[in-house]
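Below you'll find the structure, written out as structure tokens, and then a few comments.
Reckoned from all heavy atoms, side chains included, excluding hydrogens, waters and symmetry mates.
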Amino acid sequence: MDPQIYTLHRENEKEHWWYKGRRKIISSLINDSIKNKQNISILDFGAGSGTNSIMLSKYGDVYLYEKDKKSQEYLKKKFENIKNIFILEEIDKSKLFDLVVATDVIEHIEKDNDIIKYLSGLIKKNGNILLTVPAYNFLYNERDKFLGHFRRYNTKMIKNITEQYFKTIKLSYYNFFLFFLSLVLFTMIKILKVKSFITSAEKTPNSTLNNFFCYIFSSEKFFLKYINFPFGNSIVYLAKKI
């Protein structure tokens, strides 16, 4: 990922509507779909700027892994006063987790089949995995390249790389209500290919717009309890290890 993008993530992840809404959706899925969710061990794989870590810490001990050493140092400083958040410099394959979370991570990895296999080996029997990924390769654009994405996904692709290791609990598109607005934005990015326009999406908009988008986006958590959205800008996958 471009260092500029990582800096923008650090500066905006706390308040940006996308991160806030995604946290609410992830938390709702954990609450609704994972039976044993208290005092569990969680691996936040590809934790980035630690955007999900505080939310995950209410369920148990959270272990953050980022391979970049500077990112590790940043995370250590950020969470130095949080007793149940731990920063891993390396992953000990002998330690197994109740839940592995990788939010918008596997699209950054060229061999996604290999990383799914690897993550499955870090999960306890009957443990869970939760993934989020961007949707639809036809939306792949300059922003994806700038973010370091190898691909975008559809639900069939997720099934193909996971079904050998996991039993699906929830597999749905999300960011459904704002999909067509995103479609317009992505089309403009494809046409204009302007770096400043690409990075502007990472910045928190004014509070009124930010709160509006967050409300619309996070409201999807209520619908995901009962349905799978037929399309959306992203995909969420929750499963149990076979």
Side-chain angles (χ1 to χ4, degrees), residues 1-2 5-6 9 13 18-19 21-23 25-26 29-30 33-34 42-53 55-56 62-68 71-72 75 88 90-91 93 96-124 127-141 143-175 182 186 202 224 228-229 231-242:
M1 183 186 296
D2 189 287
I5 292 294
Y6 190 68
H9 284 186
E13 57 87 11
W18 165 256
Y19 297 105
R22 190 180 65 177
R23 283 193 291 268
I25 289 170
I26 290 171
L29 284 172
I30 292 173
S33 302
I34 297 180
I42 303 168
L43 174 63
D44 190 354
F45 184 83
S49 57
T51 181
N52 298 314
S53 305
M55 176 272 293
L56 292 172
V62 182
Y63 298 82
L64 278 60
Y65 176 71
E66 265 294 333
K67 66 178 182 179
D68 179 70
S71 299
Q72 290 176 10
L75 292 169
L88 301 177
E90 302 289 342
I91 294 179
K93 294 182 181 179
L96 301 182
F97 299 91
D98 297 295
L99 172 64
V100 168
V101 175
T103 54
D104 293 270
V105 171
I106 67 170
E107 67 272 15
H108 293 271
I109 299 170
E110 186 170 6
K111 296 182 178 180
D112 53 355
N113 285 284
D114 291 348
I115 197 63
I116 294 297
K117 181 180 179 180
Y118 173 74
L119 293 177
S120 72
L122 300 176
I123 301 173
K124 295 178 183 177
N128 297 97
I129 189 169
L130 191 151
L131 307 173
T132 63
V133 294
Y136 299 126
N137 264 324
F138 74 82
L139 292 178
Y140 190 90
N141 57 62
R143 180 172 176 268
D144 287 288
K145 295 177 184 178
F146 195 60
L147 292 172
H149 296 173
F150 283 96
R151 71 198 73 80
R152 299 173 74 94
Y153 289 85
N154 58 43
T155 53
K156 183 178 180 180
M157 292 167 67
I158 295 296
K159 286 180 181 178
N160 288 341
I161 63 173
T162 59
E163 61 185 0
Q164 182 179 349
Y165 311 102
F166 300 100
K167 180 180 179 180
T168 301
I169 297 172
K170 169 65 71 173
L171 176 58
S172 176
Y173 293 96
Y174 75 118
N175 202 1
S182 298
F186 289 163
E202 308 301 319
L224 285 167
N228 294 326
F229 287 115
F231 58 86
N233 188 46
S234 298
I235 295 170
V236 62
Y237 173 76
L238 177 64
K240 178 177 286 191
K241 183 176 179 179
I242 297 174

Got [X] and [Y] here, is their nearest side-chain heavy-atom distance under 4.5 Å?
X	Y	value
Arg152	Asn233	yes
Leu147	Asp104	no
Phe229	Asn175	no
Ser234	Trp18	yes
Lys93	Tyr118	yes
Lys117	Lys111	no

Picking from [options], what satisfies side-chain contact (heavy atoms from CB on, under 4.5 Å) with [X]?
X	options	value
Val133	Ile106, Asn154, Val236	Ile106
Met157	Asn137, Asp112, Ile235	Asn137
Leu43	Ile91, Leu64, Val101, Leu56	Ile91

Out of curiosity, [X] [atom1] to [Y] [atom2], how far, rounded to the nearest 0.5 Å?
X	Y	atom1	atom2	answer
Ile25	Ile30	CD1	CD1	12.5 Å
Tyr165	Leu119	OH	CG	10.5 Å
Thr168	Asn228	OG1	CG	10.0 Å
Tyr237	Leu130	OH	CG	10.0 Å
Ile161	Ile115	CD1	CD1	10.5 Å
His108	Asp144	NE2	CG	9.0 Å

With distance as the sole test, does [X] use its side chain to make a donor-acceptor pair with the main-chain N or O of [Y] at under 3.5 Å?
X	Y	answer
Lys170	Leu224	yes
Arg23	Thr51	yes
Glu107	Val105	yes
Asn141	Leu139	yes
Glu66	Gln72	no
Asp44	Tyr63	no
Lys241	Ser120	yes

Query raised in the report: Would Asn128 and Ile169 count as a side chain to side chain contact (heavy atoms under 4.5 Å, CB included) if you check the C-alpha gap in whole Å, the side-chain angles of each, and the deciding distance to 0.1 Å?
Result: CA-CA 9 Å; Asn128 297 97; Ile169 297 172; 3.5 Å; yes
Listed partners of Lys67 passing side-chain contact (heavy atoms from CB on, under 4.5 Å), at least two apart =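 Partners of Lys67 by the side-chain contact (heavy atoms from CB on, under 4.5 Å) criterion, ordered by chain and then number, come out as Tyr65.
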#### Entry: Parallel, tilted or perpendicular: rings of Tyr136 and Tyr173 (30°, 60°)
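Ring orientation of Tyr173 relative to Tyr136: parallel.
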Review point. Taking it one step at a time, do Arg22 and Met55 satisfy side chain to side chain contact (heavy atoms under 4.5 Å, CB included)?
Key: CA-CA 11 Å; Arg22 190 180 65 177; Met55 176 272 293; over 6 Å; no
Closest approach of [X] to [Y] (non-hydrogen atoms, all atoms of both residues):
X	Y	answer
Gly50	Leu75	N-CD2, 3.7 Å
Ile158	Tyr153	CD1-CD2, 3.7 Å
Tyr6	Gly48	OH-O, 2.8 Å
His9	Tyr19	CD2-OH, 2.9 Å

